[in-house]
Amino acid sequence: MSRPLRTGSARPVPVRELMAVSADGSRLHVEVHGRDGAPAVVLSHGWTCNTGFWDAQIRDLAADHRVIAYDQRGHGTSPAVGPAGYTTDALADDLEAVLAATLEPGEKAVLVGHSMGGMTMMAASRRAGLREHAAAVLLCSTGSSRLIAESRVVPMRAGTVRTRMTRAILGARAPLGPVTPLSRRILKYATMGAGSAPDRVDTCARIVHACPRAPRVAWGHVLADLDLDEGVRELRVPTAVIAGAEDRLTPPVHARAIAAALPDCLGLTELAGLGHMTPVEAPEAVTAKIRELVTVYLPSQSTADVEGKEEVA
């Protein structure tokens, strides 16, 4: 199988790659970066993305963490599945499979989800695998319900017409085609802040345009009818929330609702001037929050890692 278009020659090279097998037999491409024994961070990307979306976080964190990133089913090098295989339950199954394949029994990690990756955490909130392995969670630019009703991608007043048009966009079957100056402008408008740097817009455009059409459409239908509000209320681990103040896909109203409903919310950070692609638009802010969660909620592993480095030195 050929690998999807990534972000260029600077892509971090994983220490190892493996295939996790989900409950329905679906295979998931998993990358492990960093060294064994370091504090673990698990990264779950969003709709139309792939593990390359996390390159900035992987590059920084792999120096002193074990970073686990995987391609959601139908994205990147995780094979597509049949029409019945695209559900929020499948997202939860897949996360459990990745955790079981990469972490020791009882081993804790910080779980990070962007957009549909955050919805993955909500979908899995009552699962034994998440409760066994999650020390803390970071939700980036995501929502739990009413996605098409609240979306501001279509520049018109909220109401039935805007909702209908947004639903059509999420389920559009037209191929995205090659990245062009026009497609970059459209993607920037829909998913990023006005001040986003051109190279970061290009990174997101290349990743999104590499997503195969069938999974993109299938997941778009799932997102249009999403209802994971109960999953938010059952996410009973310390959870931080990050949102872009200019996010049109999942406007900050979603982040505020999630923060209010979480049983153990660590706070909401709204990043001024940023859109939906916060890990790419503001990699330093997202990575710093991940490091903060590791320091607070995986202190014994962090200490052991530092002591191990000192012994080697």
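Numbering starts at 1 and runs along the sequence shown.
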- Indicate the atoms forming the closest heavy-atom contact of Ser125 with Gly231, along with that distance. OG-O, 2.9 Å
- Message: Between Thr120 and Gln72, do the side chains contain a donor N or O and an acceptor N or O under 3.5 Å apart?
- Response: yes
- Message: With rounding to the nearest 0.5 angstrom, report the CG to NZ distance, Asp202 to Lys188.
- Response: 12.0 Å
- No-hydrogen, no-angle side-chain donor-acceptor test under 3.5 Å, Thr87 and Asp89: no
- Can you find a heavy atom in the side chain of Met277 that is under 4.5 Å from one in the side chain of Val208? yes
- With side chains defined as the heavy atoms from C-beta onward, is the minimum distance between Tyr189 and Ile186 less than 4.5 Å? no
- Query: For the residue pair Leu138 and Val241, what are the closest heavy atoms and their distance?
  - Reply: CD1-N, 4.3 Å
- Message: Just verifying a value: how many Å separate Leu170 CG and Arg216 CZ, rounded to the nearest 0.5 Å?
- Response: 10.5 Å
- Any chance you could lay out the side-chain contact (heavy atoms from CB on, under 4.5 Å) test for His29 and Met19, step after step, and finish with the verdict? CA-CA 5 Å; His29 171 76; Met19 281 285 182; 4.1 Å; yes
- Please report the shortest heavy-atom distance between Ala40 and Leu103, naming the atom on each side. CB-CD2, 3.8 Å
- Item | From Arg127 atom CZ to Met121 atom CE, the distance as rounded to the nearest 0.5 Å | 13.5 Å
- Is there a path of hydrophobic side-chain contacts, each under 4.5 Å between heavy atoms of I, L, V, M, F, W or Y residues, that connects Met119 with Leu262? yes
- Task: Answer yes when Arg146 and Asp229 have at least one side-chain N-carboxylate O distance shorter than 4.0 Å, and no when they do not.
- Result: no
- Message: Between Arg291 and Asp64, is there a side-chain heavy-atom distance shorter than 4.5 Å?
- Response: yes
- Query: Under 3.5 Å, side chain of Arg152 to main-chain N/O of Asp247, donor-acceptor pair present?
  - Reply: yes
- Query: What's the shortest heavy-atom distance between Pro178 and Ser183, and which atoms?
  - Reply: O-OG, 4.0 Å
- Item | Ion pair check, Asp93 and Arg73, cut-off under 4.0 Å | no
- Message: A side-chain contact here means heavy atoms from C-beta on lying under 4.5 Å apart; do Trp54 and Val112 qualify?
- Response: yes
- Item | Hphob cluster co-occupancy, Val280 + Leu139, side-chain heavy atoms under 4.5 angstrom | no
- Message: Quick check: is Leu91 connected to Ile258 through a chain of hydrophobic side chains (ILVMFWY, heavy atoms under 4.5 Å apart)?
- Response: yes
- Any donor-acceptor N/O pair, Glu132 side chain to Gly106 backbone, under 3.5 Å: yes
- Note on the structure: Heavy atoms of Ala272 and Ala245 approach each other most closely as CA-CB, 4.0 Å
- Message: Test of understanding: clusters of I, L, V, M, F, W, Y form through side-chain heavy atoms closer than 4.5 Å, transitively. Do Val153 and Val217 belong to the same one?
- Response: no
- Which of these, Thr287, Val41, Ile68, Leu43, sits in a side chain to side chain contact (heavy atoms under 4.5 Å, CB included) with Ile58? Leu43
- Contact check, side chains of Tyr70 and Leu95, non-hydrogen atoms, under 4.5 Å: yes
- Note on the structure: Residues at least two apart in sequence or cross-chain that pass side chain to side chain donor-acceptor pair (under 3.5 Å) with Arg233, listed by chain then number, are Glu230
- Quick one: are Glu281 and Leu271 in side-chain contact, heavy atoms under 4.5 Å? no
- Message: I'd like to check Asp225 versus Arg167 (side-chain heavy atoms, cut-off strictly below 4.5 Å). Are they in contact?
- Response: yes
- Query: His45: what forms a ring pair (Phe, Tyr, Trp, His ring centres under 6.0 Å) with it, not counting sequence neighbours?
  - Reply: His75
- More than 12 non-hydrogen atoms from neighbouring residues, nucleotides or ligands closer than 6.0 Å to CZ on Arg162, yes or no? yes
- Query: How about Ser115 and His276: does a side-chain donor come under 3.5 Å of a side-chain acceptor?
  - Reply: yes
- When rounded to the nearest 0.5 Å, the distance separating CD1 of Ile148 from CG of Leu249 is 12.5 Å
- Rounded distance [0.5 Å steps], CG in Leu147 versus CG in Leu223: 6.0 Å
- Query: Please walk me through it: do Leu235 and Leu130 pass side-chain contact (heavy atoms from CB on, under 4.5 Å)?
  - Reply: CA-CA 9 Å; Leu235 190 53; Leu130 182 139; 4.1 Å; yes
- Message: Please tell me whether Leu226 and Met165 are part of a single hydrophobic cluster in this structure, the criterion being side-chain heavy atoms less than 4.5 Å apart.
- Response: no
- Message: Looking only at the side chains, is there a donor atom on one of His254 and Thr142 sitting less than 3.5 Å from an acceptor on the other?
- Response: no
- Message: If I take atom CD1 from residue Ile207 and atom CG from residue Asp55, how far apart are they, to the nearest 0.5 angstrom?
- Response: 6.5 Å
- Item | Pair Arg236 + Glu234, salt bridge at N-O below 4.0 Å | yes
- Message: Keeping Asp71 on the side-chain end and Thr51 on the backbone end, is there a donor-acceptor pair under 3.5 Å?
- Response: yes
- Message: Within the 4.5 Å heavy-atom criterion, are Cys49 and Met116 side-chain neighbours or not?
- Response: no
